[in-house]
Amino acid sequence: MSGPYVIRGSVVLPEAELVWRFSRSSGPGGQHVNTSDSQVELRFDLVRTQALPEVWQQRALERLAGRLVDGVLSVRASEHRSQWRNRETAAVRLAALLAEATAPPPKPRRTSRIPRGINERRLREKKQRGETKRGRSGRDWG
């Protein structure tokens, strides 16, 4: 593998904590597809990992709760005909998933006051537009 796969900053996916499983993949491959285990399933135990800081781990557990089975995050890849490329794809996908799940929450939006001049201009333009439309009615055209 071309690892190490960086989650964010200096935190990487630890090779020792990754569990790989291989199986036969559906899809392209001809006769080769029936004999090789090219589909890859990568599992990462999010509950027991020591690689993530505690805060990141809790954040990831909350955000990925729907994807976890007994605290284990699973990613599959079977797009490519070679097991090697599917391994790469699965590891990159897992790292991206963890990077997104451990990202800090966005800063809360500060409400800002609309300047009085902008509001007055908006109301003036609305009034002008209404006058234009009122002038189009055919009341005065006898």
Side-chain angles (χ1 to χ4, degrees), residues 1-140:
M1 297 215 352
S2 70
Y5 293 98
V6 177
I7 296 173
R8 197 169 54 254
S10 61
V11 180
V12 295
L13 275 177
E15 194 67 41
E17 293 184 18
L18 300 178
V19 179
W20 299 92
R21 235 179 70 198
F22 308 102
S23 59
R24 293 202 181 115
S25 176
S26 62
Q31 294 171 335
H32 171 75
V33 78
N34 299 323
T35 59
S36 65
D37 293 339
S38 61
Q39 178 173 286
V40 173
E41 183 180 350
L42 176 57
R43 307 174 120 238
F44 181 67
D45 195 340
L46 200 51
V47 174
R48 292 177 190 82
T49 186
Q50 299 298 313
L52 298 177
E54 187 65 33
V55 177
W56 287 20
Q57 189 175 5
Q58 291 306 317
R59 217 180 274 157
L61 285 169
E62 287 172 19
R63 292 182 183 169
L64 296 172
R67 287 194 64 150
L68 298 177
V69 177
D70 297 328
V72 177
L73 180 62
S74 180
V75 174
R76 269 205 180 119
S78 62
E79 296 87 49
H80 306 290
R81 289 170 70 162
S82 92
Q83 185 188 98
W84 183 259
R85 287 179 65 194
N86 281 331
R87 284 179 69 134
E88 289 286 313
T89 304
V92 167
R93 201 177 289 163
L94 180 65
L97 200 59
L98 286 172
E100 190 178 320
T102 58
K107 291 181 181 174
R109 183 183 176 278
R110 276 195 4 223
T111 55
S112 57
R113 276 189 60 242
I114 299 171
R116 197 170 84 208
I118 290 176
N119 204 26
E120 287 173 357
R121 186 179 70 201
R122 182 182 64 84
L123 293 173
R124 193 169 50 249
E125 286 172 358
K126 277 180 69 126
K127 196 167 281 299
Q128 197 172 6
R129 183 84 178 133
E131 290 295 326
T132 304
K133 289 187 171 191
R134 200 173 301 117
R136 291 180 188 155
S137 66
R139 284 184 293 193
D140 300 334

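Annotation: side-chain hydrogen bond (donor to acceptor under 3.5 Å, both in side chains) contacts of Arg76 (sequence neighbours excluded): none. By the salt bridge (charged side-chain N to carboxylate O under 4.0 Å, His left out) test, Glu125 is found to be paired with no residue, residues two or more places apart in sequence or in another chain being considered. For Gln39, the side-chain hydrogen bond (donor to acceptor under 3.5 Å, both in side chains) test picks out Ser23, with sequence neighbours left out. In terms of the side chain to side chain contact (heavy atoms under 4.5 Å, CB included) criterion, residue partners of Val92 (sequence neighbours excluded) are, by chain and number, Tyr5. Partners of Glu54 under the salt bridge (charged side-chain N to carboxylate O under 4.0 Å, His left out) rule, at least two apart in sequence or in another chain, do not exist in this structure. In this view, Ser74 and Glu41, Arg43 satisfy the side chain to side chain contact (heavy atoms under 4.5 Å, CB included) rule, not counting sequence neighbours. The salt bridge (charged side-chain N to carboxylate O under 4.0 Å, His left out) test applied to Arg48 returns Asp45, not counting sequence neighbours.
Residue pairs meeting the salt bridge (charged side-chain N to carboxylate O under 4.0 Å, His left out) criterion with at least one member in residues 57-68: none, sequence neighbours excluded. Listed by first then second residue, pairs satisfying salt bridge (charged side-chain N to carboxylate O under 4.0 Å, His left out) with a partner in residues 104-123 read Arg116-Glu120, not counting sequence neighbours.
Applying the 6.0 Å contact sphere to CD of Glu17 captures more than 12 heavy atoms from other residues, nucleotides or ligands. Counting non-hydrogen atoms of neighbouring residues, nucleotides and ligands closer than 6.0 angstrom, the CZ atom of Arg85 reaches no more than 12 such neighbours. Other residues, nucleotides and ligands place more than 12 heavy atoms under 6.0 Å from the CG atom of Leu123.
The minimum heavy-atom distance between Ala60 and Leu46, with the atom names listed, is CB-CD2, 3.9 Å. In this structure, Asn86 and Glu79 approach most closely via the heavy-atom pair OD1-N, 3.3 Å. Taking both residues in full, the closest heavy atoms of Trp56 and Ile7 are given as CZ3-CG2, 4.4 Å, listed atom of the first, atom of the second, then distance.
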* Run the numbers on Leu64 and Leu98 for side-chain contact (heavy atoms from CB on, under 4.5 Å), then give the verdict. => CA-CA 9 Å; Leu64 296 172; Leu98 286 172; 4.3 Å; yes
* To do: Test side-chain contact (heavy atoms from CB on, under 4.5 Å) on Leu18 and Leu94 and set out the steps.
  => CA-CA 10 Å; Leu18 300 178; Leu94 180 65; 3.9 Å; yes
* To do: Test side-chain contact (heavy atoms from CB on, under 4.5 Å) on Val40 and Phe22 and set out the steps.
  => CA-CA 5 Å; Val40 173; Phe22 308 102; 3.8 Å; yes
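Taking a cutoff of 4.0 Å between a charged side-chain nitrogen and a carboxylate oxygen, Arg134 and Glu131 qualify as a salt bridge.
Side-chain contact between Leu68 and Val47 is absent, with no heavy atoms from C-beta onward closer than 4.5 Å.
Considering Thr49, Leu97, Val75, Val72 in turn, Thr49 is the only one that fulfils the side chain to side chain contact (heavy atoms under 4.5 Å, CB included) rule with Phe44.
Between the side chain of Thr132 and the backbone N or O of Gln128, at least one donor-acceptor pair lies under 3.5 Å.
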